[in-house]
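Keep in mind it's a predicted model, so treat the numbers as computed, not measured. Whatever order the structure lists ligands and atoms in, that order sets their numbers, starting from 1.
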Amino acid sequence: MARVLFGVTGGIAAYKACDLVRLLVKGGHDVVPLVTPGADRFVRARTFAALARRSPAEDPYPHLTRADLFVVAPATANTLAKLAHGLADNLVTEAALAHRGPTLVAPAMNPRMWANPATRANLEILRARGTVLVGPDEGEVAEGEWGVGRMAEPEEIYARARTLLGESETLLGKSVLVTAGGTREPLDAVRFVGNRSSGRMGVALADTARKRGAKVTLLAANLAVEPPAGVDVIPTTTAEEMLAAVRANRGADLVLMAAAVADYRPTDRSDDKRPKADAPWQVTLEPTPDILAELGARRENGQVLVGFAADRGANGLERAREKLARKAVDLIVFNDVARDDIGFDAPDNEVVLVSASGETHVEKAPKDRIASAIVDRAEELLRERS
Ligand SMILES: Cc1cc2nc3c(=O)[nH]c(=O)nc-3n(C[C@H](O)[C@H](O)[C@H](O)COP(=O)(O)O)c2cc1C
């Protein structure tokens, strides 16, 4: 179990540090929170002790002599200056001087403090010394100003922490097949029956799996976004092509079926463009092959199969539970498409992960964070399999 010294300094973003402590603890790390008096004005040291599952009365000094990683999040302009110049006047700065090993710093301050030449010079000193900096991001800071200064998101800091701890390649040696986007079923040479899926969710999943060391194949159905670098991309326009590509890419350790595959396609399709006419055009639709059910029925040894259910409301969740059993998959990711702020063609999502052992609600977040939660759960299932 890696020991992480976790410094918190006095910025509003201290509340976000709570989530980071939770992620580290959940990831099985031994977290020692070190809270400056400045930070204690925002979030009490007791809160961090509780989140790190430690006694608030514990003396942190014995832990300062050995740690695998030192994190400061958020790091104020004041603390950056102290770290750069070797001051040691509180627990965080004392720990920094005593620590031997990787240091990860997540600055957070208003954009003017961030742009100040004094801060820039301090950052240069830290960088030159090998300190790893994450963020800050551009966005609205707490005072309502816009600019660079907002602390990086806890998930991003956590990912960097894992990399520094040599833990990030959790899918190394695994192959992952991802489907993304929405299929288009032709009516004639130029018209089709399609859906609003942009492919963002599947692309985020492919990117997450690749960053974790997997060999990723992405079956891309009419993506509205760029596929990530470093993955094999196979274009698949229709449900039929998607099925053929899935069959040709059997044997993946993990299959993430995020694409919105048409359930129905036009029975007749013309290779020409149907001319415009006054008479109505009656179209008959027939069911497409059920790719997920086929994969479930012919599952390879140890393979983890994740399906997606874009459905509406509480009944939709009920149908997702039923789909888990009917299609013999390991996990169904349910998202409620009755809402227009998440799901189809939106940057955010909010999902329920439905598996035989229970359900987990993943709060509304950008799709890359949702992708991390899904891949985390899929990795747990892979570990259970082996
Ligand atoms: C409401 C409020 C918000 C603050 N937010 C920040 C911040 O985001 N970043 C920063 O560098 N300083 C911020 N400060 C100033 C620091 O709290 C101050 O420099 C303090 O001395 C930092 O001490 P520490 O680095 O030892 O925690 C804030 C101060 C107040 C009162």
Identity and separation of the nearest protein heavy atom to [atom]:
| atom | answer |
| --- | --- |
| atom 8 (O) of ligand 1 | Ala108 O, 3.5 Å |
| atom 19 (O) of ligand 1 | Asn78 CB, 3.8 Å |
| atom 17 (O) of ligand 1 | Gly10 O, 2.7 Å |
| atom 5 (N) of ligand 1 | Gly11 CA, 3.6 Å |

So is Arg41 close enough to ligand 1, meaning a heavy atom under 4.0 angstrom away?
->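 Flag set, Arg41 near ligand 1.
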Tell me, please: is Ala13 in heavy-atom contact with ligand 1, that is, under 4.0 Å?
->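 False for this residue.
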Which of the ligand 1 atoms, numbered from 1, are nearer than 4.0 Å to a heavy atom of [X]:
| X | answer |
| --- | --- |
| Asn90 | 26 (O) |
| Met113 | 10 (C), 11 (O), 12 (N) |
| Thr36 | 24 (P), 26 (O), 27 (O) |
| Thr9 | 25 (O), 27 (O) |

Can you check whether [X] reaches [Y] side chain to side chain, under 4.5 Å on heavy atoms?
| X | Y | result |
| --- | --- | --- |
| Pro60 | Leu91 | yes |
| Val35 | Phe6 | no |
| Arg385 | Val304 | yes |
| His29 | Tyr158 | yes |
| Arg269 | Asp188 | no |

Before signing off on this row, confirm whether [X] and ligand 1 have an N or O atom pair separated by under 3.5 Å.
| X | result |
| --- | --- |
| Phe42 | no |
| Thr79 | yes |
| Ala77 | yes |
| Asn110 | no |

Using the side chain to side chain contact (heavy atoms under 4.5 Å, CB included) rule, pick out the option among Val25, Leu51, Leu69, Leu20 that qualifies with Val31.
->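 It is Val25, the one option of Val25, Leu51, Leu69, Leu20 that forms the side chain to side chain contact (heavy atoms under 4.5 Å, CB included) with Val31.
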Just checking, is any N or O donor in the side chain of Asn122 or His85 under 3.5 Å from an acceptor N or O on the other one?
->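 Yes.
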Examine Arg150 relative to Trp114 and say whether NZ or CZ is less than 6.0 Å from the centre of the six-membered ring and inside a 45° cone about the ring axis.
->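 No, cation not above the ring by the 6.0 Å, 45° rule.
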Do the rings of His99 and Phe70 sit parallel, tilted or perpendicular, given the 30° and 60° boundaries?
->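 Rings of His99 and Phe70: tilted, 30 to 60°.
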